[in-house]
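This chain uses plain numbering: 1 for the first residue, then up along the sequence. Ligands are counted one by one from 1 in listed order, and the atoms in each one are counted from 1 as well. Values below: all heavy atoms of this structure, side chains included; hydrogens, waters and symmetry mates excluded. Predicted, not measured: the structure shown is a model, and the values here were computed from it.
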Amino acid sequence: MTDVAIAIRDLVVTYPPVHGGRPVHAVRGVSLDVQRGECVALVGESGCGKSSLARAALMLRPPDAGRITLTTPDGPRDLDRLTRGALRRARRHLQVVFQDPDASLDPRMTVATSVAAPLRVHGLRRDREDRVTALLDAVGLDPALGHRYPHELSGGQKQRVGIARALAPSPAVLILDEAVSALDVSLRAQILELLRDLQTRLDLAMLFITHDLSVVRSLAHRVAVMYLGSLMEVAPKATLLATPRHPYTRALLDAVPVPDPTLQATRIVTPLPGDPPSPDAVSPGCPFASRCPLREARCDTEKPELRTVADDTLVACHAISE
Ligand SMILES: Nc1ncnc2c1ncn2[C@@H]1O[C@H](COP(=O)(O)OP(=O)(O)OP(=O)(O)O)[C@@H](O)[C@H]1O
Ligand SMILES: [Mg+2]
């Protein structure tokens with residue numbers, strides 16, 4: 001049974017060249033679904049295109065090609081085809097939390113005003129004050145903090161406000177781009193706990209972009225592994241952690257040191273010798289070929305498609321069969 005909340009199909013994001021350089025192929029044809037009540041973690045090295053994918057899915061920077069279909073209470077909506085007004089209405093169901101809460105909170109607005117902003121934008125007038133109180137309570141903040149300004153709050157409190165604000169219009173889908181990365185270890189654990197609780201309670205579909213394997217462990221149902229603008233593997237969390245199939249996924253997991261209470265230790269670090277090829281170079285073959293231990297001749301000329309190799313496991317690799 002499928003209950004798709006957001007479907008991303010063949011998404012392409014290409015940034016135009018700057019200063020006579022070459023265009024940057026940040027996202028090269030990515031397809032990914034998130035179901036209702038499901039958390040998909042999107043992982044990969046810095047610069048592989050995770051935020052570009054997120055911004056395109058949110059239509060903050062519309063994709064150069066591809067389709068984004070959001071399931072709304074009024075039926076499915078292809079976000080990339082909507083008029084501006086219709087997109088604004090559909091956005092109510094698709095919200096985002098970024099890494100830096102300061103970037104999304106207006107320093108001149110009180111917490112309550114910030115949290116109520118999406119309600120105003122979407123014309124949700126009923127019981128607005130009660131709703132703000134309930135939201136602050138839901139994210140573990142004293143509703144009395146509603147009268148404060150962002151500079152009077154701690155980093156963790158601000159991130160909670162950001163989450164309350166994103167939840168205000170009761171979205172079906174929440175995209176989180178490194179939403180806990182700036183927090184220290186204990187705060188991060190608290191916010192993850194909060195997100196897990198909210199996710200189950202509200203049956204949210206979450207796309208959680210992260211560098212942090214502890215986030216994958218605590219929250220994800222499925223994991224999507226991205227490399228140089230393409231998905232290399234998509235699998236249920238337990239399967240991916242126990243039996244990673246793609247050589248890049250294996251390298252990512254091998255690179256994670258034994259759990260240690262320091263921040264660095266739980267992060268996915270650059271797992272392989274050498275850097276990924278620059279995203280302004282386009283090879284017709286597999287993006288991972290230059291660093292891959294399983295490289296074959298056709299890997300340089302033919303891009304492997306993401307295909308099902310086992311139950312719910314998708315892998316893009318010529319060398320891996322069922
Ligand atoms: N607005 C932009 N204009 C031009 N190039 C960009 C722009 N935004 C990102 N890029 C480039 O696109 C590629 C993908 O960047 P993106 O920010 O999506 O990666 P990321 O996976 O989110 O990285 P990180 O983990 O560091 O946040 C990078 O090469 C980056 O330099
Ligand atoms: Mg990013």
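Between Ile209 and Leu53, the closest side-chain pair of non-hydrogen atoms is not below 4.5 Å. Using a 4.5 Å cut-off on side-chain heavy atoms (C-beta onward), Leu240 and Val225 make contact. Between Ile6 and Leu207 there is no side-chain heavy-atom pair separated by less than 4.5 Å. Proximity of Lys50 to His211: side-chain heavy atoms (C-beta onward) are separated by under 4.5 Å at one or more points.
Below 4.0 Å from some heavy atom of Ser52 lie the following atoms of ligand 1, by number and element: 14 (C), 15 (O), 16 (P), 18 (O). Per-residue contacts place Ser51 under 4.0 angstrom from the following atoms of ligand 1 (heavy atoms of the residue considered): 17 (O), 18 (O), 20 (P), 22 (O), 27 (O).
Checking each of Arg291, Glu233, Glu45 against Tyr248 for a side chain to side chain donor-acceptor pair (under 3.5 Å) leaves exactly one that passes, namely Glu45.
Within the 2.8 Å limit, Ser51 places at least one N, O or S atom next to the Mg ion (ligand 2).
Closest protein heavy atom to atom 9 (C) of ligand 1: Tyr15 CE1, 3.5 Å. Nearest non-hydrogen protein atom to atom 26 (O) of ligand 1 is Ser46 OG, 2.4 Å. Shortest contact from atom 23 (O) of ligand 1 to any protein heavy atom: Gly47 N, 2.8 Å. With respect to atom 25 (O) of ligand 1, the closest heavy atom belonging to the protein is Lys50 NZ, 2.8 Å.
Distances between N or O atoms of Ala26 and those of ligand 1 include no value under 3.5 Å. Taking distance alone, with nitrogen or oxygen atoms compared against 3.5 Å, Val24 stays at or beyond that limit from ligand 1.
Ligand 1 lies nowhere less than 4.0 angstrom from a heavy atom belonging to Gly44. Between Arg61 and ligand 1 there is no heavy-atom distance shorter than 4.0 Å.
Taking the charged nitrogens against the carboxylate oxygens, Asp197 and Arg201 do have a contact shorter than 4.0 Å, which makes a salt bridge. Of the charged side-chain nitrogens involved, none lies within less than 4.0 Å of a carboxylate oxygen, so that Glu305 and Arg307 do not count as a salt-bridged pair.
Contacts between Pro279 and ligand 1, counted as non-hydrogen atom pairs separated by less than 4.0 Å, involve the side chain only. Contacts between Arg55 and ligand 1, counted as non-hydrogen atom pairs separated by less than 4.0 Å, involve the side chain only. Contacts between His211 and ligand 1, counted as non-hydrogen atom pairs separated by less than 4.0 Å, involve the side chain only.
There is a protein heavy atom closer than 4.0 angstrom to atom 18 (O) of ligand 1. For atom 30 (C) of ligand 1, the nearest protein heavy atom is 4.0 Å or more away.
For residues 134-144, the set of pairs meeting the side-chain hydrogen bond (donor to acceptor under 3.5 Å, both in side chains) definition, not counting sequence neighbours, is empty.
Residues Phe288 and His246 bring their aromatic ring centres within 6.0 Å.
Judged purely by atom type and a 3.5 angstrom limit, Gln159 has no side-chain atom pairing as donor or acceptor with the backbone of Gly156.
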